[in-house]
Amino acid sequence: MSLMQTTHTLTGAPAPADMRAALANFATGVAVISTLDPQGKPFGMTVNSFNSVSLDPPLVLWSIGLRAHSLAIWRAAGGFVVNILAADQENLCRQFSSRVDDRFAGVDWTAGRDGLPLLAGTVAAFECRTWARYPGGDHEIIVGEVLACHRNDQLPLVYCQGRLGTVQKPD
Ligand SMILES: Cc1cc2nc3c(=O)[nH]c(=O)nc-3n(C[C@H](O)[C@H](O)[C@H](O)COP(=O)(O)O)c2cc1C
């Protein structure tokens, strides 16, 4: 028995809700971008807009919504760390996208090479210097030059169709 498949096709420029719904089918990892605010306090934010750009030089990107309260912190930041969450770090995904006063409360971290916060227990981390910022519609694209990277062989947290999950370990 075959399952009925429904394909929604839209012509013309899609409305934001249609864009969001179609993009939700693109499975991504989940990252917490961390830095120090102008007062030197650790600050971080959950994103899934992270992606690779270049291997030589090593560059990565992520984008921030222009309406984010923390936009000024990211524009002022000379550097940041991309912390790629592990499958068991759903709680960090939620904490770093929430409106709590201190998103670092109770979070285990160490200072990286330039003093920026490296979260404990992640599957990978990229310590970056802010390399460029570009306009991107209702977001701003932030490109980082990777100065150091870390990885282990745990499974990553995955975000797809509005849900958090993980992948199966390949044989
Ligand atoms: C899975 C997930 C992915 C997200 N990705 C992004 C992103 O790529 N860019 C962004 O600006 N906000 C993203 N957000 C929202 C932010 O984490 C945050 O909640 C929002 O920007 C509020 O931050 P503010 O306190 O600076 O306003 C994401 C949230 C979740 C849960």
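Start at 1 and go down the list; that is how both ligands and their atoms are numbered. Values below: every heavy atom of this structure, side chains too, minus hydrogens, waters and symmetry copies.
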Open item on the list: Could you work out, with side chain to side chain contact (heavy atoms under 4.5 Å, CB included) as the rule, every residue matching Ala72, not counting sequence neighbours?
Closed with: none
Task: Ring centers of Phe50, Phe126 separated by less than 6.0 Å - done: yes
Task: For the student: nearest non-hydrogen atoms of Val167 and Pro156, plus distance - done: CG2-CD, 4.0 Å
Task: Residues forming a side-chain hydrogen bond (donor to acceptor under 3.5 Å, both in side chains) with Arg129, sequence neighbours excluded - done: Glu145
- [ ] State which residues pass side chain to side chain contact (heavy atoms under 4.5 Å, CB included) with Leu36; sequence neighbours excluded, sorted by chain then number.
- [x] Pro42, Leu116, Pro117
Task: Criterion side-chain contact (heavy atoms from CB on, under 4.5 Å) on Phe96 and Arg103, from CA distance to verdict - done: CA-CA 6 Å; Phe96 280 95; Arg103 290 177 177 167; 3.8 Å; yes
Open item on the list: Heavy-atom contacts with ligand 1 below 4.0 Å: which residues, ordered by chain and residue number?
Closed with: Met45, Thr46, Val47, Asn48, Ser49, Ser63, Ile64, Gly65, Ala68, His69, Ser70, Phe96, Ser97, Arg99, Arg103, Tyr159
